[in-house]
Amino acid sequence: MSKDTVQDGLVVSMDYKLTVDGEVLDSSEEAGPLQFLAGYGNIVPGLEREMAGMKIGESKDVVVSPADGYGEFDEEAFMDVPRNEFPSDLKLEEGIELNVTDEDGQNQYARVENITDESVRLDFNHPLAGAELHFNVKVVALRDPTKEELDHGHVHEEGHHH
Ligand code: ZN
């Protein structure tokens, strides 16, 4: 198997820049290349698909639609929760992100949209839902995953296990 192009089951190191509406939201410039395990949904589907077959050193501009990115903005993805259901020591502010557990025991991120005396309105949309994502990516390196990384379906950064 040729290991010099991006393919499922390889760990890809990439430099990237994410621009939305002309504004750079994220890049690898400071933290260094991002590693991900290709084929395991570690990055948004539209980018993962477009990176398949790229060679080391190759760079590419990729435009990802909301459906292939962080999803369409869902007007229904809001919930009003009685204020007394939040821990009393939690400092509630509009705009903060909370990790909430739903009825099925799943952890989900939600943003506090609005607070009244009685209730708190939570927004379950991803902050980038509805956004067209403009990536500039460059493949820096490729390697085989460790057995543990393959079992877990994600990359273990040095000295960091989760
Ligand atoms: Zn792990």
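We number each residue from 1, following the sequence as shown. The analysis underlying the following values was restricted to heavy atoms, covering all of them including side chains, and did not include hydrogens, waters or symmetry mates.
Judged as a side-chain hydrogen bond (donor to acceptor under 3.5 Å, both in side chains), and not counting sequence neighbours, the contacts of Lys91 are Glu93. For Asp15, the side-chain hydrogen bond (donor to acceptor under 3.5 Å, both in side chains) partners two or more places apart in sequence, or in a different chain, are Ser28. For Asp104, the side chain to side chain contact (heavy atoms under 4.5 Å, CB included) partners at least two apart in sequence or on another chain are Asp102, Gln106. Shown here are the side-chain hydrogen bond (donor to acceptor under 3.5 Å, both in side chains) partners of Asn42, two or more places apart in sequence or in another chain: there are none.
A chain of hydrophobic side-chain contacts below 4.5 Å, direct or via other Ile, Leu, Val, Met, Phe, Trp or Tyr residues, connects Val20 to Leu34. When hydrophobic clusters are built by joining Ile, Leu, Val, Met, Phe, Trp and Tyr residues whose side-chain heavy atoms come closer than 4.5 Å, directly or via intermediates, Val11 is not grouped with Val140. Under the 4.5 Å side-chain heavy-atom criterion for ILVMFWY residues, a single connected hydrophobic cluster contains both Ile115 and Leu98. Connection of Phe78 to Val112 is not established within any shared hydrophobic cluster, with ILVMFWY side chains joined at heavy-atom distances below 4.5 Å, either directly or through further cluster members. In the hydrophobic clustering of this structure, Phe124 does not group with Val44; members are Ile, Leu, Val, Met, Phe, Trp, Tyr whose side-chain heavy atoms approach within less than 4.5 Å, directly or through other members.
The side-chain contact (heavy atoms from CB on, under 4.5 Å) test with Val120 is passed by exactly one of Asn114, Leu90, Leu92: Leu92.
Within the structure, every pair that satisfies the salt bridge (Lys or Arg N to Asp or Glu O under 4.0 Å) test and touches residues 120-142, not counting sequence neighbours, is listed here: Asp80-Arg121, Arg111-Asp123.
To the nearest 0.5 Å, the span separating CG on Asn107 from CG on Asn99 amounts to 4.5 Å. A distance of 10.5 Å separates CG in Asn136 from CE in Met14, rounded to the nearest 0.5 Å. Here NZ of Lys3 is found 10.0 Å from CG of Leu142. Values are rounded to the nearest 0.5 Å. Atoms CD and OG1, on Glu149 and Thr146 in that order, are 3.5 Å from each other to the nearest 0.5 Å. Rounded to the nearest 0.5 angstrom, Ile43 CD1 and Glu50 CD are separated by 10.5 Å. For the atom pair OG of Ser119 and CD of Glu85, the computed distance is 10.5 Å after rounding to the nearest 0.5 Å.
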Apply side-chain contact (heavy atoms from CB on, under 4.5 Å) to Glu23 and Asp21, showing your working. CA-CA 6 Å; Glu23 188 186 346; Asp21 291 334; 5.6 Å; no
Would Asp26 and Tyr16 count as a side chain to side chain donor-acceptor pair (under 3.5 Å) if you check the C-alpha gap in whole Å, the side-chain angles of each, and the deciding distance to 0.1 Å? CA-CA 8 Å; Asp26 197 10; Tyr16 71 98; 3.1 Å; yes
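Relative ring orientation between His154 and His156 is described as tilted, the plane-to-plane angle lying within the 30° to 60° band.
The neighbour count for Asp151 CG, taken as heavy atoms of other residues, nucleotides or ligands under 6.0 Å away, is above 12.
A heavy-atom distance below 4.5 Å is found between the side chains of Gln35 and Arg143. The closest side-chain heavy-atom distance from Asp61 to Phe135 is not below 4.5 Å. Residues Tyr40 and Leu150 meet the side-chain proximity criterion, which asks for heavy atoms closer than 4.5 Å.
For the residue pair Ala38 and Val12, the shortest heavy atom distance occurs at CB-CG2, 4.1 Å. Nearest heavy-atom pair across Leu122 and Ala110 is CB-CB, 4.1 Å. Taking both residues in full, the closest heavy atoms of Leu37 and Gly153 are given as CD2-C, 3.6 Å, listed atom of the first, atom of the second, then distance.
Under a 3.5 Å cut-off, the side chain of Glu58 and the backbone N or O of Lys55 do form a donor-acceptor pair.
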Per-pair distances, 0.1 Å, donor-acceptor, side chain in residues 63-75, under 3.5 Å, sequence neighbours excluded:
{"residue": "Asp68", "atom": "OD2", "partner": "Arg49", "partner atom": "NH2", "Å": "2.6"}
{"residue": "Asp74", "atom": "OD1", "partner": "Glu76", "partner atom": "N", "Å": "2.8"}

